[in-house]
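Reading through the structure tokens given below for one structure.
As the structure is a prediction and not an experimental result, all values here were calculated from the model.
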Amino acid sequence: MKKAMKLLAIFLCLALVLASFAACGDKAKDSDEKNEEETKEKVTEVVKGDATHDGKLIAAWDVDVEIPLDEGMEPVAIKATMEFAEDGTFNMTFDEESVKDMIVQMFCAMFGLSSEEEFVAFIESQGMTMDDFMKEAMAEFSDENESEITGTWTTDGKGNLTQVSVDSESGEEETEVCKYTVSEDGNKGTLTYTDEESGEEQTINLTKKK
């Protein structure tokens with residue numbers, strides 16, 4: 001660590017020396033180059049996306065999802081990462097620790113338990129350790145759900161997002177259409193779709209990764 005800090009100090013000194021020489025050069029040239037770089041950056045921002053791929057969505061997002069349970073039960077939360085790429089593909093990956101938290105929330109809701117401590121005590125009363133239970137639960141979750149979803153995406157210019165993915169078991173294409181919004185600063189967004197079972201609208205919240 002000390003060696004690294006020493007090298008960093010030397011690098012900074014060299015950078016200051018080079019900066020002082022550069023300041024003595026043609027200021028007009030420096031200004032022109034700076035303006036040219038800024039223009040290039042602005043052009044790059046403008047051309048991001050196209051008529052069928054809204055550039056505001058092209059980014060990696062932190063995703064917060066609420067999954068509805070049976071009537072009278074509170075929904076459970078899960079986190080994921082979703083990336084809409086400029087080439088028209090998307091990728092969604094569920095966070096493993098968040099999946100574990102969701103499983104605990106779900107079982108607490110099902111058995112009327114008010115805390116994780118009560119849940120652990122309940123599992124142990126059934127002759128299982130929490131580790132053994134979670135291994136089985138995660139295996140079951142993986143069998144029933146894909147931990148990573150990939151596919152293609154398009155937008156229609158009217159606030160509708162269409163995602164097409166392939167079911168890993170059946171091999172059939174699955175198409176899902178939802179409404180989307182992106183905040184003016186581009187850092188927040190929502191995906192709103194209709195749940196097939198309940199018929200109710202569900203909203204997924206997006207936060208752009210930094």
Side-chain angles (χ1 to χ4, degrees), residues 48-86 88-114 116 137-138 140-210:
K48 197 172 185 180
D50 55 41
T52 55
H53 299 91
D54 190 340
K56 293 178 181 178
L57 280 175
I58 298 174
W61 302 85
D62 286 322
V63 180
D64 291 305
V65 185
E66 281 198 343
I67 302 175
L69 298 178
D70 292 337
E71 188 176 348
M73 294 184 180
E74 290 293 323
V76 295
I78 186 171
K79 294 184 181 294
T81 297
M82 176 174 278
E83 182 172 2
F84 293 100
E86 198 163 359
T89 60
F90 78 89
N91 175 286
M92 183 173 182
T93 306
F94 292 99
D95 178 76
E96 185 175 325
E97 290 304 314
S98 179
V99 171
K100 291 179 179 178
D101 289 341
M102 180 206 67
I103 290 172
V104 173
Q105 291 178 58
M106 186 162 43
F107 274 84
C108 282
M110 290 172 63
F111 291 100
L113 306 173
S114 59
E116 185 174 348
M138 288 295 289
E140 185 69 22
F141 177 85
S142 298
D143 288 341
E144 297 294 328
N145 304 273
E146 296 179 61
S147 59
E148 183 176 12
I149 301 171
T150 59
T152 58
W153 68 281
T154 55
T155 54
D156 64 357
K158 300 177 181 179
N160 297 306
L161 167 68
T162 300
Q163 294 172 276
V164 181
S165 58
V166 177
D167 186 272
S168 59
E169 292 185 0
S170 66
E172 296 180 356
E173 278 194 353
E174 296 182 343
T175 301
E176 188 170 31
V177 181
C178 66
K179 291 285 186 182
Y180 75 92
T181 64
V182 180
S183 62
E184 288 187 10
D185 62 9
N187 293 322
K188 298 283 185 180
T190 61
L191 305 179
T192 304
Y193 65 97
T194 302
D195 184 72
E196 292 181 359
E197 294 184 5
S198 67
E200 296 180 357
E201 282 196 345
Q202 304 293 330
T203 299
I204 295 175
N205 295 309
L206 307 175
T207 304
K208 185 177 286 186
K209 280 184 169 293
K210 296 180 179 180

Exercise. Going by heavy atoms in the side chains, are Leu161 and Cys178 under 4.5 Å from each other?
Worked result: yes
For this session: Starting at CG of Leu191, measure out to CD of Gln202 and round the result to the nearest 0.5 Å.
Result: 12.5 Å
Exercise. Under 3.5 Å, is there a donor-acceptor pair linking the side chains of Asn160 and Thr162?
Worked result: no
Exercise. So which heavy atom on Val99 is nearest to which on Phe94, and how close?
Worked result: CG2-CB, 4.0 Å
For this session: Using a 4.5 Å cut-off on heavy atoms from C-beta on, say whether the side chain of Lys79 contacts that of Asp64.
Result: yes
Problem set entry | Neighbour count >12 (heavy atoms, 6.0 Å) for atom NZ, Lys56 | no
Exercise. With a 4.5 Å limit on heavy-atom distance, are the side chains of Ile103 and Met138 in contact?
Worked result: yes
Exercise. Do you know the tightest heavy-atom contact between Lys158 and Lys179?
Worked result: O-NZ, 4.0 Å
Exercise. Rounded to the nearest 0.5 Å, how far apart are CH2 of Trp61 and NZ of Lys209?
Worked result: 12.0 Å
Exercise. Is there side-chain contact between Ile204 and Tyr193, with heavy atoms separated by less than 4.5 Å?
Worked result: yes
Exercise. side-chain hydrogen bond (donor to acceptor under 3.5 Å, both in side chains) between Thr190 and Thr181: does it pass, once the steps are laid out?
Worked result: CA-CA 5 Å; Thr190 61; Thr181 64; 2.5 Å; yes
For this session: Determine whether more than 12 heavy atoms belonging to other residues, nucleotides or ligands lie under 6.0 Å from atom NZ of Lys208.
Result: yes
Seminar exercise, completed: One should read off an interatomic distance between Tyr180 OH and Thr155 OG1, to the nearest 0.5 angstrom, of 4.0 Å
For this session: Look up atom CZ in Phe107 and atom CD in Glu116, then write down how far apart they are to the nearest 0.5 Å.
Result: 13.5 Å
Problem set entry | Euclidean distance, Lys188 NZ relative to Leu206 CG, rounded to 0.5 Å | 9.5 Å
Exercise. So, do His53 and Glu86 sit near enough that their side-chain heavy atoms are less than 4.5 Å apart?
Worked result: no
Problem set entry | Test side-chain hydrogen bond (donor to acceptor under 3.5 Å, both in side chains) applied to Asn91 and Thr93, step by step | CA-CA 7 Å; Asn91 175 286; Thr93 306; 3.1 Å; yes
Problem set entry | Between Trp153 and Phe90, ring centroids under 6.0 Å | no
Exercise. Just how far is it from atom CG of Asp95 to atom CG of Asp62, taken to the nearest 0.5 Å?
Worked result: 9.5 Å
Exercise. How about Thr52 and Asp50: does a side-chain donor come under 3.5 Å of a side-chain acceptor?
Worked result: yes
